[in-house]
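The chains referred to below are lettered A, B, ... by the order of the sequence lines, with proteins before strands, and numbering in each begins at 1. Just so it is clear, the structure is predicted and the values come from calculations on it, not from any experiment.
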Amino acid sequence: VGYFSPAPRLAVGRSVQVGDQIGSVDVLGISLEVTAPLGGVVSAVLAEQGQAVEYGQPLAEIDPMAAAPVETADDGSAIASAVDRAAAPLSTDP
Amino acid sequence: MIGRVLIANRGEIAVRILRACRGLGIEAVVAHSEADRNSRAVLMADEAICIGPAESARSYLSAAAVISAALVTGCDAIHPGYGFLSEDDAFAEMTRAHELVFIGPSAEVLERFASKAGTRQLLADHGLAVVPGSLGMVSDDEHALAEAERIGYPLLIKPSAGGGGKGMRMVRTRRELQQALTVCRSEARAAFGDDSLYLEKWLERTRHVEVQVIVDNHGHGVHVGERDCSVQRRHQKILEEAPSPALDEAARSRLAESAVAAAVAAGYQNVGTLEFLVDGAGRSYFIEINARIQVEHPVTEMLSGIDIVAEQIRLAADEPLGYSQGDVQLRGHAIEFRINAEDVRADFRPRVGVVEHYVPPGGAGVRMETHLYSGYEVPPYYDSLLGKLIVWGPDRPSAIARARVALQELVVEGLETNIPFHRAILQDETFLAGGFDTNLLDRKGAAAFLDAVAAAPRA
């Protein structure tokens, strides 16, 4: 839960690897990394610079190159898990 | 001035706070976990924001997630409800550090009243009688046993933090105490992250009576009478009523006046409840203060006409109380029934499932506080409270008569609830005579109440 900043590589058509940082969420001044839960080509960016995002909100869609693109691209759970990882540190009070 | 409030809670209290905000012309944003997306408060909110997964530690208990949610949604205050972060002084301090108003006592006040043992001493210094007990926390088993000898058995082991009966045990012998200390410590540590314990003399056949106080930030306070919460099972309240059938007019005003005087003198602020045990002779002993809105606050609202949640918000914004004790008029009798999703016969085991059909009761003096609707799925992660039925009547017998009608009308289908148990309580001779004590239910067993009704011919 916080303000989103996309990384430069988070652009439609760019390819990303699993674990690449695709952006960050600013939570009370602390920047939490958002990493790609899967590798592939970015097919859509769903949140803009400075946008307030909630827990579990999809931030981007990634097409894994090796798999059937549509099904996984629309797989909200895989994308949400990127946010999930980023949000996990929130439970520890700074 | 508060214009937009983040409600950092769930269930019926989130709905209750939301309504209070609306009544004051304040916008309400509801912070919720992934498991509460379909909760009534979320559906009613001006805006809703998901703050974490179902697990409370990462959502409703995450100070950073809650405060960040308040900031990104443009709120200027946070209402913590009850439980979760409501009495956490570090959270209140962090809220203030982000220039948000914490709707409740200030961080300093929460800190002063955080330790139950410390609070007991503080309020004893301001004139309240307390249950004889250990001097502060018991540091280790040896200390506990020595203190126990001094106070005398039977004893109650209590955790310094928290409530709801967790980490609490009654022991009658030295041997029982030795065994229970380990269990209580681990329960308290798991539930509250703090395993400090203290001992209190166990008083037989007591009633639980509590006084509602409202105190502004400028040293003015009133009491709004007492509530009797003696119908309990294992220290968990099931039904609350006011005024207490155990006290006469003189004892009642003595108790309430001494409570508010001590709270004000000790520097308490905002809305709070002082809990007392009342023994068979009518003597009252202070046990603890709850620095938050309580589940059973509507009982007092029905008698006084005061919107206690609205008062919390107003006083948190530093407004003066604006009235005095003489302006507080208490009328009639009110009873609250906690409607839980549970199997009473299976030791009150919580139940989950879909509420297939919900029909609230109505009529004069009947109020329902709930987040239920037909089709709502009760998630398994939180407590079993589905709502509260509150019934008012000009006197106790008429409140009971209206309650019987309301409990017959209330329909919650699809999962098991304790509604039949409440109907049974209203047939119980001891309850009708106003003679319930806090251990009656545990002594008799819940099934006995249900069986008594099943066996009786229908009136």
Reported CD-to-CD distance for the pair B:Glu34 and A:Glu54, which is rounded to 0.5 angstrom: 9.0 Å

Approximate separation, where rounding is to 0.5 Å, of A:Tyr3 OH and B:Leu71 CG: 6.5 Å

Interface moiety of B:Ala70 toward chain A, non-hydrogen atoms closer than 4.5 Å: neither

Polar side-chain atom of B:Ser68 near backbone of A:Val27 as donor-acceptor pair, under 3.5 Å: no

More than 12 heavy atoms of other groups within 6.0 Å of B:Tyr381 OH: no

Name of the residue among B:Val66, B:Thr73, B:Ile51 meeting side chain to side chain contact (heavy atoms under 4.5 Å, CB included) with A:Val1: B:Ile51

